[in-house]
Amino acid sequence: MATELSRPAAEKVKIRLKDSSEKEYPKGCTAFDIARDISQRMAKTAVAARLNGKVVDLNTPIYQNSSLEILTFDDEDGKDVYRHSTAHVLAQAVKNLFPNVKLGIGPPIEDGFYYDFSLPKSFKPEDLEAIEKEMNEIIKKDYQFVRHEMQREDALEFFRKRGEDYKVELINDLPEEEKISLYSQGEFWDLCVGPHLPSTGRIKAVKLLNLAGAYWRGNEKNEMMQRIYGTSFPKKRMLEDYLKRIEEAKKRDHRRLGTQMELFSLKEAGPGFPFFHPKGMVLRIELENFWREEHKKAGYQEIKTPIILNRTLWEQSGHWEHYRENMYFTSIDGEDYAIKPMNCPGAMLVYSSGQHSYREFPLRFAEMGLVHRHELSGVLHGLMRVRAFTQDDAHIFMLPSQIKEEIQSVIALVDRIYKMFNFSYYVELSTKPSNAMGSDDIWEKAITSLKEAMDEKEMEYTVNEGEGAFYGPKIDFHLQDSLGRTWQCGTIQLDFLMPEKFNLTYIGEDGNKHRPVMIHRVIFGSIERFIGILIEHYGGAFPTWISPVQVRILPIAERHLDYAYKIRDEINKYGIRVEVDTRNEKVGYKIRQAQIEKVPYMLVLGDKEKENENVSVRKRKEGDQGSKPLKEFLKIVSKEIKLKVAE
RNA sequence: GCUGAUGUAGCUCAACAGGUAGAGCAGCGCACUCGUAAUGCGCAGGUCGCCGGUUCAAAUCCGGCCAUCAGCUCCA
């Protein structure tokens with residue numbers, strides 16, 4: 001094909017490249033030809049191409065004037081093609097080793113790929129090694145990935161004959177007019193839209209990571225398949241770096257750090273019911289104090305509602321019908337009671353215990369409410385997913401005309417609080433679920449309000465169809481843990497239904513009774529989950545203002561203990577959390593301990609300091625800061641704490 | 001809840017092929033009195049997740065349950 005390029009061809013096509021330069025190529029040339037024309041390096045690193053906006057195989061012939069971008073592993077789409085092709089190699093390897101396996105699907109995902117298989121015997125971890133070896137054989141053979149298009153009936157017949165029931169189901173579900181495409185490499189054929197790498201040999205480093213069950217098509221009513229996860233890279237070194245990164249991330253795991261730093265613990269005695277230890281409590285109380293300050297400033301009033309309430313209330317709120325599966329129950333004097341899974345009904349009762357005027361609106365009731373939810377045993381995860389947690393809740397009652405502005409002010413509060421910790425977050429809009437109460441009209445109205453509020457602020461968000469609460473749509477704020485898994489923290493839910501159910505009213509300008517609109521919202525989400533995220537975000541090295549121990553005094557020898565205690569008492573007077581390492585150890589040892597425990601400030605005290613009434617300051621990140629008068633140190637630390645400096 | 005894996009001292013992990021448990025760190029004691037990431041010696045610490053079975057003998061083999069981990073489903 002290289003010769004074709006140099007041969008004068010009758011017909012040419014104009015190709016506009018990524019740098020918006022334009023060049024002519026013979027009609028029918030491929031993206032790969034053009035990559036080769038650009039540079040040797042480009043030809044080597046190219047994995048696929050974007051032709052007029054669509055990602056295609058490198059060997060796709062081009063017959064029309066087009067815009068073309070050569071994709072490499074560094075492009076997100078290129079990465080997907082690379083991993084997707086690796087998934088096909090995985091499927092081929094499994095098929096070679098276990099010929100009676102049935103294939104599910106095998107897409108690329110963030111950081112890798114997976115493939116779902118159905119096989120009577122279950123894969124053992126040892127099998128992964130054998131499969132990986134087989135994959136490397138397939139890579140070595142450098143099979144071409146070849147695209148084939150088939151008539152629907154032929155494709156159905158093809159997979160039926162091979163006993164690939166899942167593929168048959170997939171084809172049957174494809175729209176009538178859709179072209180059916182298959183890809184083959186060597187003997188292996190798979191239903192696939194593509195695109196793919198030119199050949200298996202392009203895959204340079206593969207690693208199978210783990211094994212898990214996954215329901216066919218993500219539906220728990222379907223049979224469970226065996227999913228193999230893996231990843232691949234164009235360089236061995238990149239794979240090693242990736243694996244190292246995972247290892248490092250595991251060291252930041254809040255469950256591990258939480259134990260090490262004595263923040264909290266989880267016991268068999270109470271699965272999903274975390275125990276907070278003194279140091280974890282310090283962190284928690286600091287967060288709550290901060291939260292109270294911010295909410296007072298933002299015009300919220302705090303309330304507290306009971307944990308246990310009568311069944312009739314839950315019937316009224318709709319929880320009995322829509323949320324019973326997740327609730328715990330008890331009985332008192334022969335009557336049914338429920339342990340609250342949400343705070344809203346309590347807040348409704350507070351609202352309805354008096355008359356309200358439109359002049360009070362928006363009326364903001366905040367509540368640190370402890371809720372219990374029966375989560376499935378398999379989903380429990382440290383502090384991130386528990387069965388009892390404290391929501392930093394609020395219920396805001398207002399006029400319909402105040403919706404947009406109020407939602408925007410909650411969004412602003414979320415943003416302000418998250419920024420305190422340098423969190424980056426992403427936002428989802430969740431719409432009407434299948435078990436919802438209320439009419440489509442009301443839902444439509446609520447969803448539109450949320451959209452408008454966000455669009456006006458030019459926020460980026462994705463829409464999560466059918467994932468709203470049963471009483472209203474919501475805006476969700478997601479934060480990431482150390483492994484990049486995301487957890488929903490903040491949420492803003494617009495509710496026209498609860499006020500209806502509880503017959504809430506306010507007296508309007510006209511002197512008549514009207515129905516208020518309500519917002520449910522949390523910012524931390526749950527204090528427990530938020531603390532989990534915080535631990536992983538900072539790797540345990542918290543900003544000074546929330547550090548359980550802010551200053552540790554390290555006396556050099558026993559004779560410096562008295563001076564250490566004197567300094568400690570002095571620091572204590574400033575409300576700074578300080579402790580003395582009284583152990584009879586060398587200073588290097590004490591420093592190591594304090595470093596491991598991520599104490600922000602260490603004060604080394606010996607003869608020199610005692611003599612000059614000084615302290616030697618060491619910061620956990622910067623190291624030795626030299627010695628200075630205590631007063632000066634106090635000034636620096638107090639200011640850092642007061643301003644809540646985030647590192 | 002489902003699939004797979006794991007469960008031994010406060011923590012991290014050993015104990016080959018059944019013969020009633022061992023190390024490092026942490027803790028405690030003693031000596032050293034020390035200057036910015038581990039001083040030395042000694043002591044103590046275990047219902048081997050729980051229940052049952054096989055066996056002369058079970059941490060080890062088998063069954064049930066519980067918890068944890070990864071993922072699926074679900075959610076703050």
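We use all heavy atoms of the structure for the numbers below, so side chains are in, but hydrogens, waters and symmetry mates are not. First the proteins, then the strands, lettered A, B, ... as listed; each starts at 1.
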Nearest listed nucleotide, side chain of A/R592, among B/A37, B/C34, B/G71: B/A37
Sugar-phosphate, base or nothing in reach of A/K474, heavy atoms under 4.0 Å: sugar-phosphate
A/M224, nearest nucleotide to its side chain (from B/G27, B/U33, B/G71): B/G71
Gap in Å between the two P atoms, one belonging to B/C69 and one to B/U8, rounded: 13 Å
Sugar-phosphate, base or nothing in reach of A/G525, heavy atoms under 4.0 Å: sugar-phosphate
Closest nucleotide among B/A76, B/C32, B/U39 to the A/N584 side chain: B/C32
salt_bridge(A/E585, A/R592) N-O dist < 4.0 Å: no
Rounded distance in Å between the P positions of B/C56 and B/U12: 38 Å
Pairing of A/R618 and A/D624 as salt bridge, 4.0 angstrom limit: no
Same-atom distance (P) from B/A58 to B/G19, integer angstrom: 11 Å
Sugar-phosphate only, base, or nothing, as touched by A/R485 at under 4.0 Å among non-hydrogen atoms: sugar-phosphate
Sugar-phosphate, base or nothing in reach of A/V386, heavy atoms under 4.0 Å: base
Watson-Crick or G-U counterpart of B/C13, or none if no pair lies under 3.5 Å: B/G22
A/K124, nearest nucleotide to its side chain (from B/C32, B/C72, B/G4): B/G4
P spacing across the pair B/G64 / B/G27, given as an integer number of angstrom: 43 Å
Any A/Y589 side-chain N or O less than 4.0 Å from OP1/OP2 of B/A26: yes
N-O pairing of A/R552 and A/E597 below 4.0 Å: yes
Pairwise P distance for B/U60 and B/A38, with rounding to whole Å: 41 Å
Sugar-phosphate only, base, or nothing, as touched by A/D624 at under 4.0 Å among non-hydrogen atoms: base
hbond_proxy A/R373 side chain to B/C74 base (donor-acceptor, 3.5 Å cutoff): no
A/E288 bridged to A/R284 by N-O distance under 4.0 Å: yes
Stepwise side-chain contact (heavy atoms from CB on, under 4.5 Å) check, A/Y538 with A/F421: CA-CA 9 Å; A/Y538 287 112; A/F421 305 99; 3.8 Å; yes
Sugar-phosphate only, base, or nothing, as touched by A/Q595 at under 4.0 Å among non-hydrogen atoms: base
A/I591 or A/G270, whichever maps to the more 5' nucleotide of RNA chain B: A/I591
Phosphate contact (B/C75 OP1 or OP2) by A/Q488 side-chain N/O below 4.0 Å: no
A/E268, nearest nucleotide to its side chain (from B/A70, B/U39, B/C66): B/C66
Same-atom distance (C1') from B/C28 to B/U6, integer angstrom: 33 Å
Minimum-distance nucleotide to A/A557 side chain [options: B/U33, B/U68, B/A38]: B/U33
Sugar-phosphate, base or nothing in reach of A/H381, heavy atoms under 4.0 Å: sugar-phosphate
Between B/C75 and B/G18 - P atom distance, rounded Å: 48 Å
Sugar-phosphate, base or nothing in reach of A/G218, heavy atoms under 4.0 Å: sugar-phosphate
Sugar-phosphate only, base, or nothing, as touched by A/G588 at under 4.0 Å among non-hydrogen atoms: sugar-phosphate
Presence of donor-acceptor pair under 3.5 Å, side chain of A/R385 and base of B/C74: yes
Base B/G71 to side chain A/Y215, donor-acceptor N/O within 3.5 Å cut-off: no
Pair A/Y242 + A/F233: ring centers closer than 6.0 Å: yes
Nearest listed nucleotide, side chain of A/P271, among B/A26, B/A67, B/U36: B/A67
Nearest-neighbour nucleotide for the A/R559 side chain, B/U39, B/A76, B/C34 considered: B/C34
base_contact_polar (B/U36 base, A/R618 side chain, donor-acceptor, <3.5 Å): yes
Sugar-phosphate only, base, or nothing, as touched by A/D607 at under 4.0 Å among non-hydrogen atoms: base
Any side-chain donor near an acceptor of the partner, A/N614 and A/E609, under 3.5 Å: no
No-H, no-angle donor-acceptor pair, A/E609 side chain to B/G35 base, under 3.5 Å: yes
Touch class at under 4.0 angstrom, heavy-atom based, for A/M602 against every strand present: nothing
From B/A37, B/U73, B/C32, nucleotide with atom closest to A/V379 side chain: B/U73
Per A/F389 side chain, nearest of listed nucleotides B/A37, B/G35, B/A76: B/A76
Among A/F530, A/W487, A/F477, the one residue meeting ring pair (Phe, Tyr, Trp, His ring centres under 6.0 Å) with A/Y425: A/F477
Side-chain donor/acceptor of A/N326 to base of B/C74, under 3.5 Å: no
Atom P, compared across B/A23 and B/C62: separation rounded to whole Å: 29 Å
Sugar-phosphate, base or nothing in reach of A/L380, heavy atoms under 4.0 Å: sugar-phosphate
Touch class at under 4.0 angstrom, heavy-atom based, for A/Y114 against every strand present: nothing
B/G35 - base-pair partner by Watson-Crick or wobble geometry, distances under 3.5 Å: none
Which residue lies more 5' along RNA chain B, comparing A/A214 with A/R583 via nearest heavy atoms: A/R583
Sugar-phosphate only, base, or nothing, as touched by A/E467 at under 4.0 Å among non-hydrogen atoms: sugar-phosphate
Minimum side-chain heavy-atom gap A/V617-A/V604 below 4.5 Å: no
